[in-house]
Each structure stands twice: as structure tokens, then as C-alpha cells.
Chemist: 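Could you have a look at this structure, given as C-alpha cells, before my questions?
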Amino acid sequence: MAATSGLMSVLLCKFPAMATERYNPRASEPKWQKAWAEAKLFETDNKNPRPKYYVLEMFPYPSGRIHMGHVRNYAMGDVVARYRRANGFNVLHPMGWDAFGLPAENAARDNKVNPRDWTYANIATMRSQLKTMGLSLDWAREIATCDPSYYKHQQKMFLDFWKSGLVERKSAKVNWDPVDMTVLANEQVIDGKGWRSGAPVEQRDLTQWFFKITSMSQDLLDSLDTLDRWPEKVKLMQANWIGRSEGLLIRWPLAKDTAPQGESELEVYTTRPDTIFGASFMAIAADHALARKAAANNPALAAFIDEIKHGGTSVAEIETAEKKGFDTGIRVVHPFDPSWTLPVYVANFVLMDYGTGAIFGCPSGDQRDLDFANKYGLPVVPVVMPEGADAASFQITETAYTDDGVMINSRFLDGMKPTEAFNVVADRLAAISIGNRPMAERKVQFRLRDWLISRQRYWGCPIPVIHCDHCGSIPVPTNQLPVELPQDVSFDKPGNPLDHHPTWKHVNCPQCGKPARRDTDTMDTFVDSSWYFARFTDPWNEAEPTTLSVVDGKNGWLPVNQYIGGIEHAILHLLYSRFFTRAMKVTGHLNEVAEPFEGLFTQGMVVHETYRGPNGWVTPAEIKIEETEGTRRATMLSDGAPVEIGAIEKMSKSKKNVVDPDDILASYGADTARFFMLSDSPPERDVIWTEAGVEGAHRFVQRIWRLVSEAGEHLQGVAPASGTEGDALTISKAAHKTVKLVGEDIEKLAFNKAVARLYEFANVLQPALADIAAGKADSTLRAACRQALEMLCVLIAPMMPHLAEECWAALGGEEFVASQSWPAFDPALTVDNEIVYPIQINGKKRGELTIARDADQAAVEKAALALDAVIKALDGKPPRKVIVVPQRIVNVVA
RNA sequence: GCCCCUAUGGCGGAACUGGUAGACGCGUCCGACUCAAAAUCGGAUUCCGCAAGGAGUGCUGGUUCGAUUCCGGCUAGGGGCACCA
């Protein structure tokens, strides 16, 4: 079969006149992929003088096989790459592997395979899958982050960052599994229990490495404004993540008889100091120093704190957990009233890492505080009321008032607006001193926390540090990099294999030579992906992470002109990469680039219907769907048992609603898969994978081939020329309009619209090409069609590159269509001389008016008023108003 | 809990900057070709109505000559929340 179709394809290629056979992607696609590779068509020369364009899709994690999300992502990026290449750019379009991570360790543990072997086997599989997609990638630049040749440079940069003060070692909380004696990832904690042991997870403090991303908070926030080719949504998410707030640090004196030994004040950060007279309690984190001291001789409080520590560490868990508190017995004194004391509670919703780990609660102005106050019987004093409400009767019981308004019950603040009251409180408290410091200071606070990069895992980039009892933490000398992962590791024991490896961690201190220990933590895999885009610009440099002459600046590649990937990376990966760009500049690994990604596009997911059979979820391949009288019913192919059609959801193994790209590539070919991924939905939105949709795309592939191949034999030797009248003019107008619009759509990444234009174009071409195939066309129509078909080949090439080559060859085109220039359109052919105006009467369409494009407003109005429908509607009366929007619409107000 | 996004025919979606709602595709129906089927080609397809006409972009109120588009309030669905990548 394969041999026959291969032969057929060669014949078709050689004798396009015979080409009425169906297009066979199984023969064509490998042929063209081989031809491109042999011509090194997509290998990029850093020295090529053409203007540079860097298009990058987020590199994949080598999970084993590519999935439809990859197909969509890479199909989009390839359209951009091929389009830019056709427009004269020197395009960089590389591919690599985000190859470190937890799944390799899970596979190692579950299947007794070596993580390295597992990963490289997956890479080999996925590379060959991607190659069958026909992507215009420069494979010569391929990198894998798990390769010592990559992470060696990452270790160097870690040490450079450290020297520049961008690295810090401090304590942080982790999810600790007390049975497996190991640190758990958030996804390994299910309902507060370890995923394997089932033991309740504890919070534990561990000394870990951090990148000081917070030192750049303000710049990371401000620079979002310069990213005008980023989705607003992503910028907003980042801004919220950074979370800048302006507030007041208030030092509340402790009531002396209640204060623990050595404590005299409680520091609280608040953005609402205006509500200070509505305060009714203080809430502190479980790790707060005051909480610890108070718990020392209060077993009940100690038990409560212990209970909090068994909760999750993620914000979502903390915020959704029931709000609980425990009175420490400590009291603070109100800054404006020495006779007023407030209780200090330990509360499970206060985070130690944010602000000072302590808040004051104003129940009337915050729903969470109100719920807390109601639960523990604390006073609720309204301090802000809506403008115009009655201060004497305004009450808060179940719903807090959080909007703007007027201050009440607040002594000297009464009648002020909250912003004014904020300033008055800030100024007054600043003037009071407590323990030689002002009682309050204005403070800008960020929600952003430092980037915790330590992971107690094996399959990651080792942190190149040696801990010596005498010298402290010492960097591994540069000439000893990379610190390589040991090959012989076992996953039989829980915990970090690096830590219990018999020899790996034992080294001598590079400074004093005495026995010392390697750091056994590895880096967060987000570190790996925070600079790979820079490495692609010169992956051959063995001495340095980057080559300054090509990485950025005048003749360099960065920033990435178009970055494409999933919305799930909107915050962390993109923010970390922005941090890395700044840090690499500080440490001399970049010249001048301010932001790594000039243009960002976040694509939607690939989703699919779910099916549930008698024994749980079943795959699309196991069922049959029939439609009777508008109702779709599904049954098992095996035994005809009924299957419930469930919701459309993200493709996932657990729901079994996964379609394997290999199957699609094998049966329909890469062009069909790519075209469908681009055609149905706007790229930023989810696309629903349907068999019918794929078949539709496949029909179009065949249809294009039929149109080109049938007309092709009559167009040999015909010189392309635009038509000037009749059918030839119609064809040329459609062709030139399509060239213009498809180009505009691709530049906007509106691939689904570009696809629709191509369909329209094919619809216009079809009758004319049928005439040509039947030998009924005159020479001007043949010339116009020849031109139109040549244009069509170049237009479809970014989306369906193999089909485009085959069509190009059938027309007798030179070289590859992949190396052709994007066609130029004649602007005169893209505008019509006549305009059809919709004529509205009182905003409803009642007729149409066809008139010359250059007709002036008065002429349009006159012609519109002469229409029967208008005369009838006006019934002899003069119109009240006539609105003529040039080239658009006429609205007559009767 | 907090933050963000989305909502248009039977379905995916289009509509430029406030200007003909439903481009294009899928599905369905009718016809041609065929002994027949598939494929292909031609036509119809928002809803109600024989028609004239009327209604219509999640619901609701507003601004406007004119609102899918702008503003206010609501409803439903989806995504993210720092050790998955």
C-alpha cells in the first residue's frame, strides 16, 4: 500500500496533467519534509542580514507523546514563522524540551525506569511526532533542559545572581508528609492528605533558596505598560499577582499586664487606617512571634496553632477554609484612646508571609472580619456609611459595607471621606512615638513573594552550593561546573534520592578543604524555562549561557517577537522569565533588552466531549454516535451498551476524552490536522475537537487539490495576469482581496478568519476552474486563474505546507513554495466602485441603495429619499432627520 | 474566599472604531450524477408565519438616529491562586 501510493505520488508530481487522483498525504508529506530538511530550508543563520523575526512556542514537557494542545500550539506558531519568512524576514523558530520535572520521578518510582532514560525516550518519540507535523523548525538548535550542557550555564547564572545579591537563603513552609518523610507538591496533597501515604500533611519550615524577585516588584509592575502586544487579561493577572498596595504600618502598644515577656507592641499593616475606630480585634498568623510566646504557657492555644499547621499551604485552601480564631489573652491599646483595649486572636486566615503577619479587624468594612466578629461575639461599629444615609440608624449586621462613603462613629474623622481620613490618621500617628519610633509609617506593600526555587527532588538542576561547617555555604567553583546529577539513583526509599545517595553529596569544601556536603536540593523547573528562549539564540556556546553579539541588541534576536502558549502560564512562567531577563542583564548575560517577549499570544485549550459507559469513562474510539430526529445517542462499539454523552472538557487521561494526534496524523495527514486546529475557533478560545470538523478540513484539502490539479494541465505555460473585465476581473478581485485580508488576519493571529477567507476564495474560483478544466475558458480568464492559483498556493502554504508544495509543483512552480515571497496585491483590485447602502427607517432596515463609491453625501441622501420604501414610510411628510454615514449606512428618522 | 474570562441559529463561529446580525464551516433537507452507494456538484437552511409581517445576540435597565458592540444591575459556565508543567 505504502509503496503504491508513493509511486503514485511520484507520478503525480512528474505528470500533473494526469493528476485527478485524490491527494495522498501519506506519500506527499514525508516527501516534502525530507526535501525541506535536505535543503536546510528552516535552519537559521545568525549572520543573515535580513531583518530578524523570532517566533517561539512554549516548549513542551516530554511527557511521552504529543497531545492535541501541542498540535494547536505549534500549528499556530508555524503559520507565523512561514508567513514571516515569506515576507522577507530571517526567522528564528527553534524547538526544545522542558525536560526536568516530577513525572519522570513518578515514572521511575512506578515503573523502575531511570528518569534520564525515560525522559530521553520520550523526547525521541515526541521529536519524531513533531517532525511528522511538517513544522518549519530549526532542529539544529534543539536543546533539552536536563542536559548538563544546558544546566551547566544555569548553575553559572545562579552563582552570578547570588554574587549580585539576587539570591537569598531563608525559611519557608512546605507540605510535609510525616509518613513518607518527604516534601509534597501541592498537586500531591489531596484533601489535606499525602497522595501515596494518605497521612495528614503538616506544614514544616525548611531553609531554602530564593530568587529575590520582590526586589524588582515595582519595575515588573510598571513595565507591564510597555507590553502593548500582550493580552490585557494577562497583564491584569500579573498586576494583581504583584499586588501593589499603599497602606500604613501601625504599631499598637500591648496592654502591659497582658504582654508576653519582652514584647511591647504589635505591628500591623493595613490599607484602611481610616477604619481604625471600627477596629474590634487583632488577628495574627500562627507563626507570629506573639502567637508562639502566648502558646508557650497555654496548651489550648498551642493545640489550635498545631491544628492550623495541618491545613494546606496554598492560598486557595486558606481562603476557603472555615475562618477560625483563638484568643491569646493579649490585649492591645487603641492608638487614639488609652482606655480602649482590643483582643489579639490567632487566626487561620492570616498569612505570615504577607505584610507583618498581623492585621486589625474592622468588621463593618470587611466581610471576612464581620463573619469573624459575629462568630466570636466581637463588637461591630459601622465607620463608613453611604453618602446621604443616616448616621444614627446606620447598622451593619450580616453584610459589610466596603464602598466609598462618609466617616461616622470615628470621632475627629467624622464627616470626612475615607481617603481624607486615611491621611489624617497617617499624619497623626506618625507624630506619636512608641519605643523611639513613630506609631505609624506609610508603606508600599506587594503581595508578590520571593521566588522559592529549592525543590527536594532528584530530577532537576542541582543547586551548585557546598555547605561547610566551618565556611558556611560556598559556591561550587566555576571550573567545577556542571554539578551533574548522579546516574545511579534509587527511588525505593521515599524522600530525595540525592540526599540518601551514598556518595554524591560528600565533597570537600572548596575553601578550606575539609569534608563538607553538597546542597541536595534541585531548582524549580520554572528556572529552566526562564531563559531557554535566550539560549536558543546560540545553543552552541559552551563557555557562556549566551553570546552577547547575537542574544539581543542591534544584531541580536531578543526580544521574542511572537511568543505563543497556553494561558495557564499567564502568571508564573511569564513573570519569572521577565525577572530572569532583568537579572541576566544585571549579571552581564544580556545587553539591553528590557522585556523577553514583545508579543504574547495565549491560545485556548483543545476540548472534547466526554463519554461515560456502564463501567465508567470510555474513549471516543470505543463508541459510536448516531443521530435520530435531532437527538444524539452513543453506544459502545463492543456490545452496544448505552453510553451517556457528558460535558465538553479539556482533554485528559482521567476522563478518557483524548484523541491521539498520531492517529489523526496517520489517517488524515498533518495538513488536515493543522488546518482544523486553525479553522474552527478563534485561537484564544477553546476549540472543540470533533470528527466532523476534521473531516470538513480534510474535504477542503482534497478540494484544493482537485481544483488545482484539474485546472493545472490547462494552465501550463500560461502567464499570470490580472483580469480587467468580466469573469477574469471577478477572479482577480477575489484573489487580490484575499491576499490582502489573509495577510492582515495572519498578522492579527486571527487564523480562523484567514481560513474563512480561503474558503470564500475557493468558492469564487470553483466555477471558473471548472470552465478551464472543461476547456471553455478564454485566455484572459486563464491568465487570471493562473495568477489566482499561484497566489492560493502561497496563501495556504503557512497552514497546509505539504499540500501547497504539491499544488505548486502541479502548476509547474519553481523551487519550493516555502521559499516563495508573499504575493503583492494590487490595491485598485481590492476596492469596489459601487457601494450598497442599507437604508434604515427609524433604525430598521427597509431597503438597499446601490450607488457610486464617490457619490457625495447629498447625492446619497437624495437617492435614499427617492426609494419606494422610504416614500411609503414617510407618507408625504418630510423626514425629521437623515443620517448618512459615508460608505456605511443611511438612517431616515420619520 | 479572592482574581480573571466567556455567553450570538441545531452546532463552531463572523460582524472593521456604535452602522445590513448570522460571513465561513459543520449538520440537516431538496435536487443532479449513479443500477445503487460513497465521493462530487447545484440549491435551501435564525425563529414564528401560507403570506404580508413580526421577533431575535444569556437576563434586565440605561445612553443613542441606530447597541452583539458603550454603561449599571443580575444569571449561568469556565480558568488561575505560588512545589504539575
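Residue numbers begin at 1 in each chain, while the letters A, B, ... track the order of the sequences. The analysis underlying the following values was restricted to heavy atoms, covering all of them including side chains, and did not include hydrogens, waters or symmetry mates.
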Chemist: Would you tell me if any nitrogen or oxygen in the side chain of A/Gln840 comes within less than 4.0 Å of OP1 or OP2 on B/rU20?
Modeler: no
Chemist: Go through B/rU40, B/rA21, B/rA85 for me and flag the one nearest to the A/Leu102 side chain.
Modeler: B/rA85
Chemist: Side chains of A/Thr214 and A/Asp450: donor-acceptor distance under 3.5 Å anywhere?
Modeler: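 Yes.
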Chemist: Which one, B/rC41, B/rC65, B/rA14, comes nearest to the side chain of A/Arg706?
Modeler: B/rC41
Chemist: Answer yes or no: is there an ion pair linking A/Lys173 with A/Asp205, defined by an N-O contact shorter than 4.0 Å?
Modeler: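 Answer for the salt bridge query: yes.
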Chemist: Under 3.5 Å, is there a donor-acceptor pair between the A/Gln203 and A/Trp176 side chains?
Modeler: no
Chemist: Mapping A/Pro60 and A/Lys323 to their closest nucleotides on RNA chain B, which lands nearer the 5' end?
Modeler: A/Lys323
Chemist: From B/rC4, B/rC65, B/rA82, pick the nucleotide closest to the side chain of A/Lys233?
Modeler: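 Nearest nucleotide to the side chain: B/rC4.
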Chemist: Just checking, is any N or O donor in the side chain of A/Asn657 or A/Trp689 under 3.5 Å from an acceptor N or O on the other one?
Modeler: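 Per modelled atom types, A/Asn657 and A/Trp689 side chains form no pair under 3.5 Å.
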Chemist: In whole Å, measure the gap between the C1' atoms of B/rC24 and B/rU8 for me.
Modeler: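 So the two C1' atoms sit 15 Å from each other.
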Chemist: Taking the minimum atom-to-atom distance to the side chain of A/Gln766, which one of B/rC4, B/rC83, B/rC41 wins?
Modeler: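 Nearest nucleotide to the side chain: B/rC41.
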Chemist: In terms of side-chain geometry, is the basic nitrogen of A/Lys737 or A/Asp832 positioned less than 4.0 Å from the acidic oxygen of its partner?
Modeler: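 Yes, A/Lys737 and A/Asp832 are salt-bridged.
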Chemist: Verify the contact: side-chain N or O of A/Asn842 to OP1 or OP2 of B/rG66, cut-off strictly under 4.0 Å; return yes or no.
Modeler: no
Chemist: Grab the CZ-P distance between A/Phe349 and B/rC2 for me, whole Å please.
Modeler: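 My rounded result for the distance is 14 Å.
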Chemist: Once you round it to whole Å, what is the distance between P of B/rA23 and CZ of A/Arg757?
Modeler: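 Those two atoms, CZ and P, are 13 Å apart.
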Chemist: Looking at the side chain of A/Arg699, which of B/rC26, B/rC4, B/rC65 is the nearest nucleotide?
Modeler: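 For A/Arg699, the side-chain atoms sit closest to B/rC26.
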Chemist: Can you check the distance between B/rU63 and B/rU69, where both ends of the measurement are the P atom (answer in whole Å)?
Modeler: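 About 15 Å, rounded to a whole number of Å.
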Chemist: Report the distance from atom CG of A/Asp680 to atom C1' of B/rA14, rounded to the nearest whole Å.
Modeler: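 In whole Å, B/rA14 C1' lies 13 Å from A/Asp680 CG.
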Chemist: Can you tell me if the side-chain N/O atoms of A/Lys844 get under 4.0 Å from OP1 or OP2 in B/rA55?
Modeler: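 Checking A/Lys844 against B/rA55: at least one side-chain N or O falls below 4.0 Å of OP1 or OP2.
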Chemist: At under 4.0 Å, does any side-chain N or O of A/Arg685 touch on OP1 or OP2 of B/rA7?
Modeler: yes
Chemist: Is there, by distance only and without an angle test, a donor paired with an acceptor across the side chain of A/Asn891 and the base of B/rC65 below 3.5 Å?
Modeler: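 Counting by modelled atom types and ignoring angles, a donor-acceptor contact under 3.5 Å is found here.
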Chemist: Using only side-chain N and O atoms of A/Ser681, determine if any of them is under 4.0 Å from OP1 or OP2 of B/rG12.
Modeler: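 For B/rG12, OP1/OP2 do not have a side-chain N/O of A/Ser681 under 4.0 Å.
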Chemist: Has the side chain of A/Arg447 got a donor or acceptor that lies under 3.5 Å from a partner of the other kind on the base of B/rC3?
Modeler: no
Chemist: Can you check the distance between B/rG18 and B/rC50, where both ends of the measurement are the P atom (answer in whole Å)?
Modeler: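 Between the two P atoms, the distance is 40 Å.
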Chemist: Starting the side chain at C-beta, find the nucleotide from B/rA14, B/rA82, B/rC16 nearest to A/Lys753.
Modeler: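 Ranking B/rA14, B/rA82, B/rC16 by closest atom to the A/Lys753 side chain puts B/rA14 first.
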Chemist: Distance alone, cut at 3.5 Å: any donor-acceptor contact between the side chains of A/Asn73 and A/Gln603?
Modeler: yes
Chemist: Rounding to an integer number of Å, can you tell me how far A/Lys872 NZ sits from B/rG53 C1'?
Modeler: 10 Å
Chemist: Report yes or no: is the cationic atom of A/Arg447 (NZ for Lys, CZ for Arg) closer than 6.0 Å to the six-membered ring centre of A/Trp241, at no more than 45° off its axis?
Modeler: yes
Chemist: When we call it a touch if two heavy atoms are under 4.0 Å apart, what does A/Gln208 touch: a base, just sugar-phosphate, or nothing?
Modeler: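 Since a base atom lies under 4.0 Å of A/Gln208, the category is base.
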Chemist: Roughly how far apart, to the nearest Å, are B/rG58 and B/rA14 at atom P?
Modeler: 14 Å
Chemist: Could you give the distance separating B/rU45 and B/rA52 at their P atoms, to the nearest angstrom?
Modeler: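 Result for the P pair: 14 Å, nearest Å.
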Chemist: Taking only the P atom of each, what is the distance from B/rC26 to B/rA44 in whole angstrom?
Modeler: 16 Å
Chemist: Taking only the C1' atom of each, what is the distance from B/rA15 to B/rU68 in whole angstrom?
Modeler: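 The same atom, C1', in both gives a distance of 8 Å.
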Chemist: Between B/rG53 atom C1' and A/Lys845 atom NZ, what is the distance in whole Å?
Modeler: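 Rounding to the nearest Å, NZ of A/Lys845 and C1' of B/rG53 are 16 Å apart.
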Chemist: Pick the C1' atom in B/rC16 and in B/rA21, then give their distance to the nearest Å.
Modeler: 15 Å
Chemist: Atom CG of A/Leu574 and atom C1' of B/rG80: how far apart are they, to the nearest Å?
Modeler: 13 Å
Chemist: Strictly under 6.0 Å, is that where the ring centroids of A/Tyr151 and A/Phe100 end up?
Modeler: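 Distance test on ring centres: under 6.0 Å, yes.
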Chemist: With sugar-phosphate meaning primed atoms plus P, OP1 and OP2, does A/Trp451 contact a base, only sugar-phosphate, or nothing at under 4.0 Å between heavy atoms?
Modeler: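 A/Trp451: no heavy atom of the nucleic acid under 4.0 Å.
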Chemist: Between B/rG66 atom C1' and A/Arg846 atom CZ, what is the distance in whole Å?
Modeler: 14 Å
Chemist: Write out the stems for RNA chain B, ordered by first number and formatted as range with range, counting runs of at least 3 consecutive Watson-Crick or G-U wobble pairs under 3.5 Å.
Modeler: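 In RNA chain B, stems of three or more pairs: B:1-7 with B:75-81, B:10-12 with B:24-26, B:27-32 with B:40-45, B:46-48 with B:53-55, B:58-62 with B:70-74.
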Chemist: Centroid-to-centroid, A/Phe700 to A/Phe675, below 6.0 Å?
Modeler: yes
Chemist: Would you tell me if any nitrogen or oxygen in the side chain of A/Lys881 comes within less than 4.0 Å of OP1 or OP2 on B/rG66?
Modeler: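 Indeed not, no polar side-chain atom of A/Lys881 lies that close.
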Chemist: Hey, do the aromatic rings of A/Phe59 and A/Phe533 have their centres closer than 6.0 Å?
Modeler: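 Centroid distance A/Phe59-A/Phe533: not below 6.0 Å, so no.
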Chemist: From the set B/rC83, B/rA85, B/rG79, return the single nucleotide nearest to any side-chain atom of A/Met605.
Modeler: B/rG79
Chemist: Just checking A/His573: base, sugar-phosphate only, or nothing, at a heavy-atom cut-off of under 4.0 Å?
Modeler: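 Nothing, no nucleic acid heavy atom in range.
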Chemist: Quick one: on RNA chain B, does A/Ala697 or A/Glu760 contact a more 5' nucleotide (nearest heavy atom)?
Modeler: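 The residue whose closest nucleotide sits nearer the 5' end is A/Glu760.
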Chemist: Ignoring hydrogens and geometry beyond distance, is the side chain of A/Arg457 in donor-acceptor contact with the base of B/rC83 at under 3.5 Å?
Modeler: yes
Chemist: Among the nucleotides B/rC83, B/rC84, B/rG25, which one has an atom lying closest to any side-chain atom of A/Val183?
Modeler: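 Closest nucleotide among those given: B/rC83.
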Chemist: In whole angstrom, what separates A/Glu684's CD from B/rA7's P?
Modeler: 10 Å
Chemist: Does the side chain of A/Gln208 pick up a donor-acceptor pair with the side chain of A/Arg455 at under 3.5 Å?
Modeler: no
Chemist: Among the nucleotides B/rG19, B/rA82, B/rG25, which one has an atom lying closest to any side-chain atom of A/Leu448?
Modeler: B/rA82
